[in-house]
Amino acid sequence: MKNDENSVNLSRRDFFKELGMIGGGGALLSAFPWLQSCSADDKAQIAKEKVRIGFIGTGSRGQYHLNNLKTIPYADVVALCDNYPPHLKEASALYPKAKTYDDYRKLLEDKDVQAVMIATPLYEHAHITIDALHAGKHTFCEKSMAMTCQGCLDMYNVFKESGKVMFIGQQRLYDPKYIKAMEMVHAGLLGEINSIRAYWFRNNDWRRPVPSPDLERKINWRLYKDYSCGLVTELATHQLQVGNWALKMLPEKVAGMGDIVYWKDGREVYDSINLIYHYPNGVKMTYESMIANKFYGLEEEIMGSKGTMEPEKGKYYFEDAEPAPGIMQLINQIEHGIFDNVSFAGPSWVPETASVNKGHLIMDNVTTISGQSSVGAAGDGSVELVTAFCEAAITGKPAPDLVEEAYYSSVLGLLGLQAIDEGRVITFPDEYKIPYLNFA
């Protein structure tokens with residue numbers, strides 16, 4: 001094993017296999033109930049089944065999922081839909097037997113389609129998802145849920161009334177290193193969490209080649225306010241969910257600023273944002289994103305009185321002393337001995353010299369990503385997420401708590417954008433709160 005700042009391949013199949021093992025899966029399924037489709041009972045039920053999928057939105061992210069679906073034994077893509085012919089043609093080359101449509105409503109009328117996956121631009125997420133649920137289809141929709149808080153709430157309400165499965169593309173919920181990290185955080189390894197700092201930096205203009213000027217807004221939809229909310233929905237929602245997950249709490253208010261600092265090319269969405277989320281216990285989560293410098297990449301730094309967690313890097317660091325023996329025993333039980341050979345940082349380490357603290361790996365092997373890709377990266381939890389959707393669509397069992405996690409991350413991003421646009425502190429409106437027992 002290479003125990004250094006860079007990662008080596010993670011045996012992800014072994015991790016999810018252990019969910020179904022006696023003594024291995026119970027604690028995880030209790031703490032993270034959306035993983036239930038990974039249990040041995042559900043795996044046995046779907047072993048010889050396939051779900052017939054209609055795929056709506058076959059652009060870059062859509063084709064990323066379509067390629068991954070080829071590796072999932074439970075998936076059968078039977079229909080494809082896109083109103084941009086070049087993308088539909090590329091997707092059809094991947095699945096030549098699939099029927100093709102240029103109108104998603106026609107696909108939803110297809111009786112052969114049991115479930116749909118939606119990877120369209122943001123402005124189409126809410127109405128296509130709602131139509132799909134009304135059509136009786138199990139539905140996967142990429143994050144974020146909608147362009148407005150009301151749109152998110154409408155999606156959630158229709159889902160709850162439908163009796164169907166709905167997944168939202170929050171892949172960190174299925175990323176083994178994040179799951180392990182949250183086990184450790186919730187078991188008290190870091191002590192009391194007192195601050196979270198999250199950021200995502202890239203250095204690119206977000207533009208894609210346009211074959212004709214009249215297609216500018218169709219292809220570069222992320223840059224225009226009629227179709228996109230910019231960084232808060234394209235990037236921030238992933239990391240806001242991590243903050244809530246760590247604290248098991250919902251922030252009560254948010255303030256922020258945003259500007260077009262560098263890419264002054266006619267775009268309408270901010271290329272630089274800063275947000276501060278305030279939780280009821282006084283903890284703040286800061287969020288920063290820009291797309292004109294990539295040096296620091298992306299991370300969520302979860303800071304406690306005894307240590308710091310960096311789940312994207314797959315590492316954690318102690319402040320200056322070993323944790324109490326009782327905590328270590330608990331962690332050892334949860335982690336099935338992964339700490340047996342770990343040499344913990346001792347009191348000789350000086351907090352001010354953080355550069356010399358190399359930390360400890362969350363898992364024996366860790367896969368990290370740079371965050372530069374706008375499409376997706378191997379090892380980010382996406383394959384596990386889509387696999388779980390296929391399995392849930394076969395069993396008909398929604399993934400508990402998954403939609404609620406995605407809902408709150410979407411709404412918090414949108415409230416952050418409102419705080420920026422209006423130049424004021426926004427308190428979380430009561431009308432957009434939904435039942436979720438995981439939040440205090």
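Quick note: numbers below take in every heavy atom, side chains included, and nothing from hydrogens, waters or symmetry partners.
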For Arg105, the side chain to side chain contact (heavy atoms under 4.5 Å, CB included) test, sequence neighbours excluded, returns Asp103
Hey, are Tyr101 and Asp110 close enough side-chain-wise for a donor-acceptor pair under 3.5 Å? yes
Just checking, any donor-acceptor pair under 3.5 angstrom between side chains of Asp226 and Tyr123? no
Tell me if the centroids of the rings in Tyr279 and Tyr277 come within less than 6.0 Å of each other. no
Please report the shortest heavy-atom distance between Glu404 and Ile434, naming the atom on each side. CG-CD1, 4.0 Å
Test of ring centre spacing under 6.0 Å for Phe140 and His65: yes
Step through it carefully: locate the ring centre of Phe32, locate the ring centre of Trp245, and say whether they are under 6.0 Å apart. yes
Quick one: closest heavy-atom pair of Val185 and Ala246, and the distance? CG1-O, 3.9 Å
In Å and rounded to the nearest 0.5 Å, what is the CD to CG distance from Glu252 to Asn281? 9.0 Å
Between the side chain of Thr129 and the main-chain N/O of Ala126, is any donor-acceptor distance below 3.5 Å? no
Any side-chain donor-acceptor pair under 3.5 Å between Lys218 and Asn83? yes
Contact between Val78 and Ile53 at the side-chain level, heavy atoms closer than 4.5 Å - yes or no? no
Taking everything shown except Lys89 itself, do over 12 heavy atoms lie less than 6.0 Å from its NZ? no
Which residues pass the side chain to side chain contact (heavy atoms under 4.5 Å, CB included) test with Val425, not counting sequence neighbours? Lys253, Ala255
Salt bridge (charged side-chain N to carboxylate O under 4.0 Å, His left out) with Glu234: which of Arg61, Arg222, Arg202? Arg222
